[in-house]
Amino acid sequence: KCGAAISAGASGTAAASASSEQLAASPSKPVAFVVDDEKVNRSLMARILRRWGLTVMEFSDGRFLMDALRSLATLGSPGASRAWPRFITLDVQMPRLDGCGALAEMTALANELEKAGEVDAAHSLRSIRVFGVTGHAMSDDQFRMKQLGVCRVLTKPVETWVLAEAVQEDVHGIDLPPRAFKHLGD
């Protein structure tokens, strides 16, 4: 069982940014964020998750992700409906703000929210499960991401069944369709 990615301690396109209306909505389906600077990778991951019945928001780098999370944290009054993601797939290597930098900023934001008395928002942020995604099977990326609290590090290309198993094991309350677990060739 993984711990929360956010510990208590220490492109500008439509696909890369989220509107306040999108974030404020409280969808009936679980929300996932997909963060990857490569549009093909991002779109493919998002399409898979949508086929599984999730609401997906896409971001082209860690900076856009952080903008969205800050917006979520400050939307409306305490207890207002917010579309907090249940999990994030986070590419490790991206321009502007990479995956490790985004994880560090998420931790800092959760701590700031808690100090400001926004305990619910801090808890919601800390409850997000994060899956690191990297093209390097054996690298320092995996070690760094694990140190920063990701549930797992997935290696590109991420096989559908591997992602499904990760979500099922590490994100509670998401029921995936049986087809999500099929191996290629089954």
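Heavy-atom basis, side chains included; hydrogens, waters and symmetry copies ignored. Start at 1 with the first residue, then count along the sequence.
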Measuring from atom [atom1] of [X] to atom [atom2] of [Y], what distance do you get when rounded to the nearest 0.5 angstrom?
X      : Y      : atom1 : atom2 : value
Arg42  : Ser60  : CZ    : OG    : 5.5 Å
Phe64  : Phe33  : CZ    : CZ    : 14.0 Å
Trp84  : Leu69  : CH2   : CG    : 6.0 Å
Ile48  : Thr160 : CD1   : OG1   : 4.0 Å
Met45  : Phe131 : CE    : CZ    : 10.0 Å
Thr134 : Arg144 : OG1   : CZ    : 10.0 Å

[X] versus [Y]: any side-chain heavy-atom pair under 4.5 Å?
X      : Y      : answer
Val150 : Leu103 : yes
Asp37  : Pro95  : yes
Asp36  : Phe59  : no
Met145 : Val153 : yes
Val133 : Leu90  : no
Met94  : Glu38  : no

Search all heavy atoms of [X] against all heavy atoms of [Y] and return the closest pair with its distance.
X      : Y      : answer
Cys151 : Arg129 : SG-CD, 3.4 Å
Ala83  : Leu72  : N-CD2, 3.7 Å
Ile128 : Pro85  : CG1-O, 3.4 Å
Trp161 : Lys182 : CB-O, 3.7 Å
Leu65  : Ala102 : CD2-CB, 4.2 Å
Asp98  : Val92  : CB-O, 3.1 Å

Take Arg126 and Glu114 through the side chain to side chain contact (heavy atoms under 4.5 Å, CB included) test and state the conclusion after the steps.
CA-CA 11 Å; Arg126 288 185 176 121; Glu114 193 166 73; 3.0 Å; yes

Is Glu165 salt-bridged to Arg152, going by a charged N under 4.0 Å from an acidic O?
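Between Arg152 and Glu165 there is no salt bridge, as every charged N stays at least 4.0 Å from the carboxylate O atoms.
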
Using a strict cut-off of less than 4.0 Å between a Lys/Arg side-chain nitrogen and an Asp/Glu carboxylate oxygen, indicate whether Asp91 and Lys156 qualify as a salt bridge.
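Yes, Asp91 and Lys156 are salt-bridged.
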
Does Val167 form a side chain to side chain contact (heavy atoms under 4.5 Å, CB included) with Leu176? I'd like the steps, not just the answer.
CA-CA 9 Å; Val167 170; Leu176 299 178; 4.0 Å; yes

Quickly, which of Val130, Val34, Leu49 forms a side chain to side chain contact (heavy atoms under 4.5 Å, CB included) with Phe87? Name it, please.
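When Val130, Val34, Leu49 are each tested with Phe87, the side chain to side chain contact (heavy atoms under 4.5 Å, CB included) holds only for Leu49.
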
Tell me, please, which residues at least two apart from Arg50 pass salt bridge (charged side-chain N to carboxylate O under 4.0 Å, His left out).
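Salt bridge (charged side-chain N to carboxylate O under 4.0 Å, His left out) check on Arg50 returns Glu58.
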
For salt bridge (Lys or Arg N to Asp or Glu O under 4.0 Å), just list the numbers for Glu105 and Arg70, CA-CA rounded to whole Å, side-chain angles, deciding distance to a tenth of an Å, and then say yes or no.
CA-CA 10 Å; Glu105 285 196 22; Arg70 280 190 185 83; 3.3 Å; yes

Test side-chain hydrogen bond (donor to acceptor under 3.5 Å, both in side chains) applied to Arg51 - qualifying residues, sequence neighbours left out
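Arg51: no side-chain hydrogen bond (donor to acceptor under 3.5 Å, both in side chains) contacts found.
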
For atom NZ of Lys146, decide whether the heavy atoms of other residues, nucleotides or ligands shown that lie under 6.0 angstrom number more than 12.
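It does: Lys146 NZ has more than 12 such atoms within range.
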
Is a donor on one side and an acceptor on the other found under 3.5 Å between the side chain of Arg96 and the backbone of Arg63?
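Absent.
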
